[in-house]
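The structure under discussion appears below in the form of structure tokens.
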Amino acid sequence: MDIKPMLMNVFLVFVHWSIVLLFSPLFIGVIAKVKAIFAGKAGPPVFQPYFDLAKLFRKHSVYSRTTTWVFRGAPIVSFAAVLVLSLVIPLGMFKAPVQFPGDLLLAVYILSLARFFMISAAMDTGLSLEGMGASREAFFSCLSELALFMNFITLALLAHNISLSRMIGADIPMSWRTFGPALLLVVASFFIVLLAENCRIPVDDPDTHLELTMVHEVMILEHSGVDLAYMLYAAAAKLFIFAGILVPIIIPVHTGHPVTESILFLGGTLGLAILVGIVESSMARLRLNRVRNLLLFSFALAFFGFVVTKWRG
Amino acid sequence: MEKTFHLPWQVPFGDFSLKLDPLSRVFLATVIILIVSAGIYGIGYLRRYAGKKPLGFHLFFYLVLSAAFALIMTAHNIILFLAAWEAMSISTYFLIVFHDEKPSVREAGFLYLIATHCGTFCLLLMFFLMASTAGSMDFSAIARTSFSPALAGAIFFLALLGFGVKSGFLPFHIWLPQAHPAAPAHISALLSGIAIKTGIYGICRVVWMIGVFPEWCGYALLSIGVVSGIMGVLYALGQHEIKRLLSYHSIENIGIIALGLGVGLLGRSHRMPFLSSVGFAGAIVHVFNHALFKGLLFLGAGSVIQKTHTGEMDRMGGLAKTMPVVSTLFLVGALAICGLPLFNGFISEFIIYLGLFQGLLRLPLIGAVSCAVGILSLVLMGALALVCFTKVYGTVFLGEPRRPIESTDREDTSFWAVVPLLVLAGLCVWVGLAPGTMVSLAFLGGEYLAHVEHSAIMIEKVMVPLSMVIGSSFIFLAVVSGLVFLRRVLLRGRSMPVSQTWSCGFSQVTPRFQYTSSSFARPVVDLVKSLLFLRRHGGRPSGFFPGKAHVHSAVHDASEEILFRPLFVWLTNFSKRIDDSRIRHTQMYLMYIFLFLIFLLVWKLK
């Protein structure tokens, strides 16, 4: 086996990780800034999430007597899962280092692995509030995974391939021309999935202060210090990666020029962050029993995307 | 490749011929692994009953069952197969009713006995059709015969009924959730790990023997897979009793296997060798995997029940601290059954997904749409299984004990209690991280069922993505160890205070405040409550000064309530009516005989 492509791949893996780790807190910062502007406040600087993470990394952790190693392991597993997930998607000029038919399955199931540990960690505290959040997270993810896969099925049909890099890759401009309506439905549905999977308004309010209504925030209530930093970083990176899947579909431009591609990609994610911020500022979170309707709606959108694809194809 | 073995046998039409082919090899491996590990566990489990129960009797039937399993997987003659099948059914009955002092156990055993014989009835019909067409009782001779589409369809239908009862296809599954909790832990593991797979094996054997099936057969298996899978996991979510929950999960996994087989059959009827081999191979790997992790989970549940003396999950909690070994091994099983990467469940589901996506992209419209439905239902099963097992693991092992554990003795870490679980968990991880051996073995079986020649190119198409999956799994493990190391470094030299759960400043009054398994599953159960026959009683405090309130909720089995119970009530009434109309006078009998003779005379004279 030739050593050079392997080294190249290892290098690519680290490039991917550094891009994700470098830019993902910024994504959160931009959303917060947009929300502050809408509320007529100056708001924290866009780099505030970096400062928060740096602060948390320097703190010690407090543990409950009730908890076991699952509680301590969950932040590590969820961070590692998101880092592995980042390897299957292309980031601007950098191709995905891990590409194979069926990599989308790995992507979804490694996120499920993280979710399993997150939910278990919440149950591990013995706190009923955390159990409540865990139960909701588990329920919502059933529906959002369904919608996510419905989108993947449509994309796979369009690209005639089941590798994520190909599904959101070179065939997209072509698909926009022939299957425009289907892709439009996919984009709308995927955007809802993005909001739901990353616990944004209207599914979950990351800034809420009432434990009874929280989903994601209540699950990390007992985590502190490094553990909390891992979890927050993982959440930010996950949001960034989901944006990274959506952006190449929305901006189907392939210039072939690496710098332009990267600028387009970063500009796209920035635009998406602003869009998420606008959505969050312009609507309230849904009542908990209405969330499932939203997710089923997202599934329905994706389903019609599938119907359109099959109809035209 | 194939090995045959003959013995003279004095049974009419019978022939003691055994054959080890690529299909039976995987099933036989499954049988041996689980028989041995459940047996070891059983020795430790039964020790407490020494002198109180006839253990020799139990052991005798355990050995009969083991032999019967091995014979079923290798028999190559109808008579021998049926004899082994009956030996299995009857010995299983005696093993299930080990705790026969409890009426519920006797009832469950009886239900099992009725169910299995209804199944055998269909099998007799099916084999009769086969043998009369082929003119031979030998499986190879039947395989050489060509069947008309109608006949092949009829045989397939009877196979679905007969073997479906054993495998627990919906709606014939009702014996399963009764029998599993009734049996001792090692027998539940065998029931779920192997006994229900004999039905799958039977279907595979029929699929192998009959070369051409009408196209609807593939769709039938796919839809059985979808329905059994989703309903199985939904029922499981509604359960409060751990072994009952696990047995409903077996129905879900049987659904996943049926999905794989359905893809295989679809591929065969559309002459797509790769699609067909992948579908069958995925199903076969899942048979092996399910036996491993379900065996592990049932044995783990057995240890938990021994410790807590209850199967009710809402009365447990915090067992991770008192039973660290079992809780870790149970976690392996739980992660594997959810089909998560690093463990074996992901490998088989990945192969089945590959088949389904292949069908989605290559099959004509109806096939593609059914494959899309298959993909979505597999996704839903995975997500619901995750809800279900976080519920089990969270309420049983994590948090605080919901009621004080009576026995203060330490965890049972004897050889008998730990080694079987350790072996099964080790195999789960082995298949999860080094699936090469198992998958190539199963792929041979898949090609054998698909009736295609072995080709290295086809297996490469599965092995290459799998090797990438494994590579990513190792990257994941490397990242995890890196993060653990980083955490160590960051926390070095710092105090790590341990105190009670913060709970936003609201300290808990009693551990019973913890979220229960029923509340955890409630959002999902509420969404589908019309499907599940959810009944909830009480729970609403009343009056100005409400006192104690009780709530009781239970999920009832729809196929039991709307199909079998009315059916059996009707059957009982019908037989009673026949009994009532019995003729009581000899004169009447004579008259009927006379009338019948006249009828025959007229008929003959015509």
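Below, read A as the first sequence line, B as the second, and so on, with proteins coming before strands; counting in each chain starts at 1. Only a predicted model underlies this, so the values are computations on that prediction, with no experimental measurement involved.
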So which part of A:Ala134 gets closer than 4.5 Å to some heavy atom of chain B, the side chain, the backbone, both or neither?
-> both

Whatever's closer than 4.5 Å to a heavy atom in chain A on B:Tyr393 counts as side chain

Where on B:Leu491 is there a heavy atom nearer than 4.5 Å to chain A: the side chain, the backbone, both, or neither?
-> side chain

Note, A:Val77 side chain near B:Phe476 side chain (heavy atom, < 4.5 Å) = yes

What part of A:Ser163 lies closer than 4.5 angstrom to a heavy atom of chain B: side chain, backbone, both or neither?
-> neither

Could you look at B:Phe397 and say if it's the side chain, the backbone, both or neither that has a heavy atom under 4.5 Å from chain A?
-> neither

Using the six-membered ring wherever Trp is involved, compare the ring planes of A:Tyr109 and B:Phe346 and label them parallel, tilted or perpendicular (cut-offs 30° and 60°).
-> tilted

Going by distance alone, is a donor N or O of one side chain under 3.5 Å from an acceptor N or O of the other, for A:Thr66 and B:Glu400?
-> yes

Sort B:Ser519 into side chain, backbone, both or neither according to what part of it lies under 4.5 angstrom from a heavy atom of chain A.
-> backbone

Please lay out, stage by stage, how B:Phe520 and A:Ile119 fare under the test side-chain contact (heavy atoms from CB on, under 4.5 Å).
-> CA-CA 11 Å; B:Phe520 185 82; A:Ile119 294 172; 3.7 Å; yes

With only heavy atoms counted, which part of B:Gln358 is less than 4.5 Å from chain A, the side chain, the backbone, both or neither?
-> neither

Which region of A:Leu158, side chain (C-beta onward) or backbone (N, CA, C, O), has a non-hydrogen atom less than 4.5 Å from a non-hydrogen atom of chain B, or is it both or neither?
-> neither

Applying a strict 4.5 Å limit to non-hydrogen atoms, the region of B:Ile375 in contact with chain A is side chain

